[in-house]
K.L.:
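Could you have a look at this structure, given as structure tokens, before my questions?
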Number of protein chains: 2
Amino acid sequence: MPLTDGSFKHKKVISIGTVSELTGLTERQIRYYESRKLIFPERSKTGLRKFSFQDIETLIEIANRLEDGVWTNEIRKELKGREQFIAEAKLSNHLINGKINAQLKL
Amino acid sequence: MPLTDGSFKHKKVISIGTVSELTGLTERQIRYYESRKLIFPERSKTGLRKFSFQDIETLIEIANRLEDGVWTNEIRKELKGREQFIAEAKLSNHLINGKINAQLKL
DNA sequence: CGTGTAAGGAATTCTGACACG
DNA sequence: CGTGTAAGGAATTCTGACACG
């Protein structure tokens, strides 16, 4: 039942310069957030960082939280919390779908 | 009624090296197809090509057609035909939705 | 026609460090 | 803590051309 493609959103293909333009953040900031384990870009064979659209969305959230005076340590927890929530929601959704299908067969 | 995001699919953010990896085509081939007006990457301020996921899908189609022995001239027409079809389908879809909504109000 | 390649230059990205605080 | 910057090097990309055909 997935409606959106999503494969595009999570594919790591965007280089740091483009991410910088899209987010308004400096490359320095982006690299720093990676070192703080807030984002996890992939690397090309030669070591160049590759980001996804999802990473860009996360970076914008990070920038907003930092403006609120929140530390990267705290932001990391928040992001993990969100991830956990999504994972649970997906599982729950999956289970419910199973029950619905079971009922439909009766 | 758009279900898929789509904004990601059409955003021009991928550099030619990554496109080459994703499609299996050489940079030479990709640049040539652009010169033949089969794809239309954007350019960064300094002139670097930027492609979208849609461009990548088109490139794969192009490669398939070329393998079939079709010339770029012909492929260009095919692609235009497809575009035209999609545009018409969207319009038609829009009109039908309008009629349905009109009926629902009766 | 479609593609390979060598050529020279320009733009991008990387890391580690010094700085401020 | 989070960010700016100068430094030197490595990897990427660009264009125009010669080549084959």
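Each chain gets a letter, A, B and so on, in the order the sequences are listed, and its residues count up from 1.
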K.L.:
When you check the phosphate oxygens OP1 and OP2 of D:dA10, does a side-chain N or O of A:T46 lie under 4.0 Å from one of them?
P.N.:
no

K.L.:
Nearest whole Å is fine: how far is C:dT12 C1' from A:E21 CD?
P.N.:
12 Å

K.L.:
Mind running a 4.0 Å heavy-atom check of residues 26-43 of chain B against DNA chain C and sending the residues that fall below it, in number order?
P.N.:
B:T26, B:R28, B:Q29, B:Y32, B:Y33, B:R36

K.L.:
Choose from C:dG2, C:dT15, D:dG2 the nucleotide whose nearest atom is closest to any side-chain atom of A:L66.
P.N.:
D:dG2

K.L.:
Specify the separation, in whole Å, of atom NZ of A:K45 and atom C1' of C:dT13.
P.N.:
18 Å

K.L.:
So if I apply the side chain to side chain contact (heavy atoms under 4.5 Å, CB included) rule between B:Y32 and each of B:R28, B:Q29, B:E34, which one comes out positive?
P.N.:
B:R28

K.L.:
In this structure, how many angstroms lie between the P atom of C:dT3 and the CG atom of B:L59, rounded?
P.N.:
11 Å

K.L.:
Should B:L59 and B:L48 be counted in the same cluster of Ile, Leu, Val, Met, Phe, Trp and Tyr side chains packed under 4.5 Å apart?
P.N.:
no

K.L.:
Please state how far atom CD1 in A:I16 lies from atom P in D:dT3, giving the value in whole angstrom units.
P.N.:
13 Å

K.L.:
The side chain of A:L48 is closest to which nucleotide in this list: C:dC14, D:dT3, D:dC14?
P.N.:
C:dC14

K.L.:
Would you mind reading off the distance between B:I14 atom CD1 and D:dT13 atom P, rounded to a whole angstrom?
P.N.:
12 Å

K.L.:
Could you say whether A:K50 or A:W71 is positioned toward the 5' end of DNA chain D, judged by the nucleotide with the nearest heavy atom to each?
P.N.:
A:W71

K.L.:
Rounded to whole Å, how long is the line connecting atom CD of B:E67 with atom P of C:dT3?
P.N.:
10 Å

K.L.:
What about B:I60 and B:L66, same hydrophobic cluster or not, with Ile/Leu/Val/Met/Phe/Trp/Tyr joined at side-chain heavy-atom distances under 4.5 Å?
P.N.:
yes

K.L.:
Check side chain to side chain donor-acceptor pair (under 3.5 Å) between B:R76 and all other residues, then give those that pass, not counting sequence neighbours.
P.N.:
B:N73

K.L.:
In Watson-Crick or G-U wobble terms, both distances under 3.5 Å, what is the partner of C:dG16?
P.N.:
none

K.L.:
Can you list the residues that meet the side chain to side chain donor-acceptor pair (under 3.5 Å) rule with B:E61, with sequence neighbours excluded?
P.N.:
none

K.L.:
Between atom CD of B:Q54 and atom NZ of B:K9, what is the distance when rounded to the nearest 0.5 Å?
P.N.:
5.0 Å

K.L.:
Would you say A:R49 reaches C:dC14's phosphate, i.e. side-chain N/O to OP1/OP2 under 4.0 Å?
P.N.:
yes

K.L.:
Students often get this wrong, so: under 4.0 angstrom with heavy atoms, is A:S15 touching a base, only sugar-phosphate, or nothing?
P.N.:
sugar-phosphate

K.L.:
In sequence, state the C-alpha distance, the side-chain angles, and the governing distance for A:R65 and A:E74, and then conclude on salt bridge (charged side-chain N to carboxylate O under 4.0 Å, His left out).
P.N.:
CA-CA 9 Å; A:R65 295 307 285 145; A:E74 185 58 35; over 6 Å; no

K.L.:
Under a 3.5 Å cut-off for both contacts, is D:dA6 paired Watson-Crick or G-U wobble with anything, and if yes, with which nucleotide?
P.N.:
none

